S.K.: 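Got a structure here, written out as structure tokens. Questions coming.
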Amino acid sequence: MNNVDIQAFENLLERADRILIISHVRPDGDAVGSLLGLGLILEEMGKEVNLVLEDGVPKVFHHLPAYDRVYREAAGVYDLVIVVDCSDIDRIGDVLDEYGEPDLNIDHHPTNTQFAGLNLVREDAVATVEIIYDLAVALSLPLNQEIAEALLTGLLTDSLGFRTSNTSPKALRIAADLQELGADLPHLYRKAMIEKSLEAVKYWGLGLSKIKLEDRLVWTSLSLEDRKNAHYPGRDDADLINLLASIKETDISLVFVEQKNGTVKVSWRARPGFDVSKTALEFGGGGHKPAAGAEIKGNLERVQEEVLKATRHALDGSK
Ligand code: AMP
Ligand code: MN
Ligand code: MN
């Protein structure tokens, strides 16, 4: 990060007392970790901080500090509005409807639309928490065990436990620093990456029973009916996409999750050498070359058909 950006960030903080931090719907570990990590840093600095996620904090992150202080709606007046780990404004849901343009966006998606007053976007960062950690170190902001636990969770989840192709020596060094601050890496790894509820595994089972593989493309879907039958509480795929991506015979994997609002959440994963973010962008979504997503209007069958066609086209074009 260059000094101009660091200075601009410091200036924003200096003139702010009441700060709102938000992140994306269906929050993952980087969204939650960035929100809690930055929130706790700013609180240590004496700021009044409000943390908001439209979908709340998923149960898998209920071991993290301050998870129970995250609200689903913003209320009141803020001097500074910060959006973390989010590449476009639509992805935060309706939280900011009455607040206008956010002041600051901290993110690492190549598809970022630069929607805030100041956009600190670093594509080389493994996770948004890496950028937050760098800012904290550069400006000697407070760090402690709780902040380290939140930040390390973002690093672990976005790198799938340090196994994505962008896992860098720098990310590993930061993880070591966070461990030295008191974060229990094996514990956080187990809580965020290994443990699954029985409902989540049943939900997987329903998805897995419909799995299809055709010429290096693998996909499945999760309907509202599946969610109900498995008693799964979230509106995500319970990370089923990462299981599909582990299938040896594939280059690209997809999961389609039917939503109550007449849309379908699509997740893509690809092996190194492929770029699924472009196809996700075509459908109004975004992400990274090997991992992308979109929320698309339409019923499950039609969205599935259109997305598979476009993905097949992209896969054939990259051969
Ligand atoms: P997911 O499939 O939801 O785990 O997301 C994979 C990657 O794509 C993550 O980096 C997400 O932040 C990004 N992503 C997912 N959905 C969207 C969306 N609707 N718009 C932009 N980026 C997205
Ligand atoms: Mn995220
Ligand atoms: Mn992220």
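Note that the structure is predicted; figures quoted are calculated from it, not measured. Atoms within each ligand, like the ligands themselves, are counted from 1 in listed order.
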S.K.: Is there at least one pair of N or O atoms, one from D28 and one from ligand 1, spaced under 3.5 Å apart?
M.R.: no

S.K.: As an exercise, identify every atom of ligand 1 less than 4.0 angstrom from a heavy atom of S87.
M.R.: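 In order of numbering, the contacting atoms are 21 (C), 22 (N).
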
S.K.: Measuring from atom CD of E130 to atom CZ of R122, what distance do you get when rounded to the nearest 0.5 angstrom?
M.R.: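 Going from the CD atom of E130 to the CZ atom of R122 covers 5.0 Å.
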
S.K.: What residue and heavy atom of the protein are closest to atom 4 (O) of ligand 1, and at what distance?
M.R.: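 Answer for atom 4 (O) of ligand 1: R269 NH2, 2.7 Å.
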
S.K.: Considering heavy atoms of the protein only, find what lies nearest to atom 23 (C) of ligand 1 and give residue, atom and distance to 0.1 Å.
M.R.: G286 O, 3.4 Å

S.K.: What protein heavy atom sits nearest atom 7 (C) of ligand 1, and how far off is it?
M.R.: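 Looking only at protein heavy atoms, the one closest to atom 7 (C) of ligand 1 is A291 O, 3.3 Å.
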
S.K.: In terms of side-chain geometry, is the basic nitrogen of K47 or E43 positioned less than 4.0 Å from the acidic oxygen of its partner?
M.R.: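 Salt bridge absent between K47 and E43.
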
S.K.: Without swapping roles, check the side chain of S246 against the backbone of L243 for a donor-acceptor pair under 3.5 Å.
M.R.: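 Checking the backbone N and O of L243 against the side chain of S246, a donor-acceptor pair under 3.5 Å is found.
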
S.K.: Tell me the protein heavy atom at minimum distance from atom 2 (O) of ligand 1, and give that distance in Å.
M.R.: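 Of every protein heavy atom, S267 OG, 2.6 Å lies nearest to atom 2 (O) of ligand 1.
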
S.K.: Would you say D103 and Y78 are linked by a side-chain donor-acceptor pair, where the criterion is simply a distance under 3.5 Å?
M.R.: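 Absent: no donor and acceptor within the cut-off.
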
S.K.: Taking backbone and side chain together, does H108 place any N/O/S atom at a distance below 2.8 Å from the Mn ion (ligand 3)?
M.R.: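 Looking at H108, which is the residue asked about, there is an N, O or S atom under 2.8 Å from the Mn ion (ligand 3).
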
S.K.: Restricting to N, O or S, what is the name of the atom of D158 that lies nearest the Mn ion (ligand 3)?
M.R.: OD2

S.K.: Please answer whether the main-chain N or O of T250 pairs with a side-chain N or O of R271 as donor and acceptor at a distance below 3.5 Å.
M.R.: yes

S.K.: Using a plain distance cutoff, I'd like to know if H109 has any nitrogen or oxygen under 3.5 Å from a nitrogen or oxygen of ligand 1.
M.R.: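 Yes, at least one N or O pair falls under 3.5 Å.
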
S.K.: Quick check: does D85 have an N/O/S atom under 2.8 Å of the Mn ion (ligand 3)?
M.R.: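 Checking D85: at least one N, O or S atom is under 2.8 Å.
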
S.K.: Does even one non-hydrogen atom of I241 get within less than 4.0 Å of ligand 1?
M.R.: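 Checking ligand 1 against I241, which is what was asked, there is no heavy-atom contact under 4.0 Å.
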
S.K.: Less than 3.5 Å between some nitrogen or oxygen of G284 and one of ligand 1, yes or no?
M.R.: no

S.K.: Near H288, which atoms of ligand 1 are under 4.0 Å from a heavy atom of that residue?
M.R.: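 Heavy-atom distances to H288 below 4.0 Å select 10 (O).
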
S.K.: Could you tell me whether the side chain of D107 and the main chain of C86 form a donor-acceptor pair under 3.5 Å?
M.R.: yes

S.K.: So which of the N, O or S atoms of D30 lies nearest the Mn ion (ligand 3)?
M.R.: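 Looking at D30, the N, O or S atom with the least distance to the Mn ion (ligand 3) is OD2.
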
S.K.: Between D88 and ligand 1, which part of the residue brings a heavy atom under 4.0 Å of the ligand: side chain, backbone, both or neither?
M.R.: side chain

S.K.: Given R91, K265, R26, H24, which one has a non-hydrogen atom that is nearest to atom 3 (O) of ligand 1?
M.R.: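 Looking at heavy atoms only, K265 sits closest to atom 3 (O) of ligand 1.
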
S.K.: In terms of atom number and element, which parts of ligand 1 are under 4.0 angstrom from non-hydrogen atoms of G287?
M.R.: 8 (O), 13 (C), 22 (N)

S.K.: Please step through side-chain hydrogen bond (donor to acceptor under 3.5 Å, both in side chains) for the pair D226 and Y232, ending with a clear verdict.
M.R.: CA-CA 8 Å; D226 292 333; Y232 183 70; over 6 Å; no

S.K.: What atoms in ligand 1 come closer than 4.0 Å to a heavy atom of E295?
M.R.: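 Close to E295: 19 (N).
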
S.K.: First locate atom OG1 of T279, then atom NZ of K309, and finally report the distance between them rounded to the nearest 0.5 Å.
M.R.: 13.5 Å

S.K.: What distance do D28 atom CG and D85 atom CG have between them, rounded to the nearest 0.5 Å?
M.R.: 5.5 Å

S.K.: Could you tell me whether the side chain of S23 and the main chain of V84 form a donor-acceptor pair under 3.5 Å?
M.R.: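 Answer holds: yes.
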
S.K.: Going through the distances and angles, do V266 and F283 end up as a side chain to side chain contact (heavy atoms under 4.5 Å, CB included)?
M.R.: CA-CA 10 Å; V266 185; F283 286 97; over 6 Å; no

S.K.: Where the Mn ion (ligand 2) is the centre, what is the NE2-to-OD2 angle for H24 and D28, rounded to 10°?
M.R.: 100°

S.K.: Give a yes or no on whether L42 and L143 share a hydrophobic cluster (residues Ile, Leu, Val, Met, Phe, Trp, Tyr; joining criterion: side-chain heavy atoms under 4.5 Å apart).
M.R.: yes

S.K.: Under 4.0 Å from ligand 1, counting heavy atoms only, is it the side chain of A294, its backbone, both or neither?
M.R.: backbone

